[in-house]
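Following: one structure in structure tokens, then a few remarks.
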Amino acid sequence: MMVILPSLFLILACLSGSFGHEEDLQNKVFIFPATNRKAAVKLNISTPHPVTNFTICMRFSCLQAKYYTLFSYSTKPNSRDFQVIKPNPNQFNLQIGGLTQTIMPRRVSISEWQHICVAWNSTTGLVYFWHNGELLPRFTMNPGYKIGPNGTIFLGQSPNSWRSDSFVGEMADVNMWLRILKLNEIHLVKKNEEVPDSLVSWKALNYTVWGDVRVEEALHNFY
């Protein structure tokens with residue numbers, strides 16, 4: 001069952017009339033308007049080689065206090081190769097290769113916009129986690145592990161779980177690089193300035209919407 005779920009997501013996305021396209025989403029947001037385990041955004045990218053270094057950044061505001069998934073990279077061998085999960089308003093769960101690390105940043109209100117960046121080095125296992133521009137204490141996870149190639153990335157949902165873990169709120173500025181960004185680059189990303197060599201770029205995002213997810217103008221000044 002778990003192996004076929006990503007394919008099922010793609011088939012149902014096509015049947016629902018949502019097809020992939022590339023778009024500049026600067027000053028726009030994804031709105032996930034209601035709890036719906038069938039709502040997600042798939043990022044159409046190609047990762048033909050194992051992922052050994054990466055940085056992902058995103059901005060979000062949520063209306064709920066329950067468990068939900070922000071970012072999910074899954075492969076057929078491992079449905080939890082990389083995930084960013086919010087089990088409650090004051091905690092993040094970072095999963096790499098099936099292992100989980102709990103992260104407790106400074107408390108913010110549930111609906112407050114948050115900006116996060118996560119970076120991981122496969123060789124050392126060193127993890128960097130920035131929350132609203134603040135670098136939290138570094139730690140290690142799965143040194144020597146390689147995240148599988150040909151992964152499937154979903155925003156706002158984990159396609160390998162039928163739990164009610166869907167995100168409800170707004171999401172913006174999703175970017176990813178296959179390298180560890182430097183500190184000055186993280187500051188540039190937070191200000192929405194261009195950082196080169198991105199695999200995923202919010203200003204040229206190739207994505208497929210599945211279910212009730214909408215693209216609307218941003219009504220907040222993030223920068």
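Below, each value reflects all heavy atoms present in this structure, side chains not excepted, and no hydrogens, waters or symmetry copies. Please read all numbers here as calculations on a predicted model, not as lab measurements.
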Would Glu185 and Arg179 satisfy salt bridge (charged side-chain N to carboxylate O under 4.0 Å, His left out), going step by step from the backbone distance to the final call? CA-CA 12 Å; Glu185 292 178 313; Arg179 62 185 180 90; 3.0 Å; yes
Is Glu216 salt-bridged to Lys28, going by a charged N under 4.0 Å from an acidic O? no
What one should report as the nearest heavy-atom pair of Phe32 and Gly156 is CE2-CA, 4.0 Å
Give a yes or no answer on whether the side chain of Tyr73 reaches the backbone of Ile153 with a donor-acceptor pair at less than 3.5 Å. no
Side chains of Thr75 and Asn150: closer than 4.5 Å at any heavy-atom pair? no
Taking all non-hydrogen atoms of both residues into account, name the closest pair between Pro50 and Pro149 and its distance. N-CB, 3.8 Å
Under 4.5 Å between any side-chain heavy atoms of Leu25 and Val215, yes or no? yes
Can you confirm whether Ser198 sits close enough to Met176 that some side-chain heavy atom of one is under 4.5 Å from a side-chain heavy atom of the other? no
Say you draw a straight line from CZ of Arg80 to OG of Ser74; how long is it, rounded to the nearest 0.5 Å? 11.5 Å
Determine, stepwise, if the pair Ser72 / Gln83 fulfils side chain to side chain donor-acceptor pair (under 3.5 Å). CA-CA 4 Å; Ser72 174; Gln83 291 186 318; 3.1 Å; yes
In the single-linkage hydrophobic clustering (I, L, V, M, F, W, Y; side-chain heavy atoms under 4.5 Å), do Ile56 and Leu136 co-cluster? yes
Using only atom types and a distance under 3.5 Å, with no angle test, would you say the side chain of Asp81 pairs donor to acceptor with the backbone of Gly148? yes
Work out which heavy atom in Asn78 is nearest to a heavy atom in Gly98; give both atom names and the distance. ND2-N, 3.9 Å
Give every residue pair that meets the ring pair (Phe, Tyr, Trp, His ring centres under 6.0 Å) criterion with at least one member in residues 74-107, sequence neighbours excluded. Phe54-Phe82, Phe71-Phe82, Phe92-Phe129, Phe92-His131
Whether the side chain of Trp120 engages the backbone of Met141 through a donor-acceptor N/O pair (distance < 3.5 Å, no angle test) should be reported. yes
Quick one: do the Gln95 and Thr100 side chains pair a donor with an acceptor below 3.5 Å? yes
Taking Phe60 as the fixed residue, which of Val174, Leu70, Asp173, Val84 is the one that meets the side-chain contact (heavy atoms from CB on, under 4.5 Å) rule? Leu70
Anything under 30° is parallel, anything over 60° is perpendicular, the rest tilted; go ahead and classify His21 against Tyr207. tilted
Just how far is it from atom CH2 of Trp202 to atom CD of Gln26, taken to the nearest 0.5 Å? 11.0 Å
Between Ser158 and Thr69, is there a donor-acceptor pair closer than 3.5 Å when you use the side chain of the first and the backbone of the second? no
Check: Asp24 side chain, Ala204 main-chain N or O, donor-acceptor pair, under 3.5 Å: no
Do the charged groups of Arg59 and Glu170 touch, with an N to O distance under 4.0 Å? no
Between Ser122 and Tyr145 (side chain of the first, backbone of the second, donor and acceptor by atom type, cut-off under 3.5 Å), is there such a pair? yes
Hydrophobic cluster membership, with links at side-chain heavy-atom distances under 4.5 Å among I/L/V/M/F/W/Y: are Phe30 and Val168 in one? no
Using the rule that Ile, Leu, Val, Met, Phe, Trp and Tyr join whenever any side-chain heavy atoms are under 4.5 Å apart, tell me whether Leu63 and Val213 fall into a single cluster. no
Take Phe139 and Ile103 through the test side-chain contact (heavy atoms from CB on, under 4.5 Å) and record every step on the way to the result. CA-CA 10 Å; Phe139 55 92; Ile103 301 169; 3.9 Å; yes
Is any side-chain heavy atom of Val127 closer than 4.5 Å to one of Arg138? no
Residue pair Gln64 / Ser166: nearest heavy atoms and the distance that separates them: NE2-O, 3.1 Å
Heavy atoms of Asp212 and Ala39 approach each other most closely as N-CB, 4.1 Å
Nearest 0.5 Å, what's the CD-SG distance between Glu112 and Cys62? 13.0 Å
Would you say that Ile45 contacts Asn206 through its side chain, given a criterion of any heavy-atom pair below 4.5 Å between the two side chains? no
Nearest 0.5 Å, what's the CD1-NZ distance between Ile116 and Lys86? 8.5 Å
Can a donor-acceptor pair be found between the side chains of Thr208 and Asn44 at a distance below 3.5 Å? yes
Answer whether the closest heavy-atom distance between the side chains of Val41 and Trp210 falls below 4.5 Å. no
I'd like to check the side-chain contact (heavy atoms from CB on, under 4.5 Å) partners of Gln91; sequence neighbours left out, ordered by chain and number. Pro87, Asn88, Asn93, Thr102, Met104
Start with the C-alpha distance between Arg214 and Val29, add both sets of side-chain angles, then the distance that settles side-chain contact (heavy atoms from CB on, under 4.5 Å), and finish with yes or no. CA-CA 8 Å; Arg214 306 168 192 179; Val29 297; over 6 Å; no
Any side-chain heavy atom of His187 sitting closer than 4.5 Å to one from Glu193? no
Around Lys146, counting heavy atoms of other residues, nucleotides and ligands shown, do more than 12 lie under 6.0 Å from its NZ? no
What distance do Thr152 atom OG1 and Lys42 atom NZ have between them, rounded to the nearest 0.5 Å? 6.0 Å
d(Leu178 CG, Thr55 OG1) to nearest 0.5 Å is 9.0 Å
side-chain contact (heavy atoms from CB on, under 4.5 Å) for Val200 and Asn175? Distances and angles first, verdict last. CA-CA 5 Å; Val200 175; Asn175 297 278; 5.6 Å; no
Who else is in Leu188's hydrophobic cluster (ILVMFWY, side-chain heavy atoms under 4.5 Å, direct or via others)? Leu126, Tyr128, Trp130, Leu135, Trp177, Ile180, Leu181, Leu183, Ile186, Val189, Val195
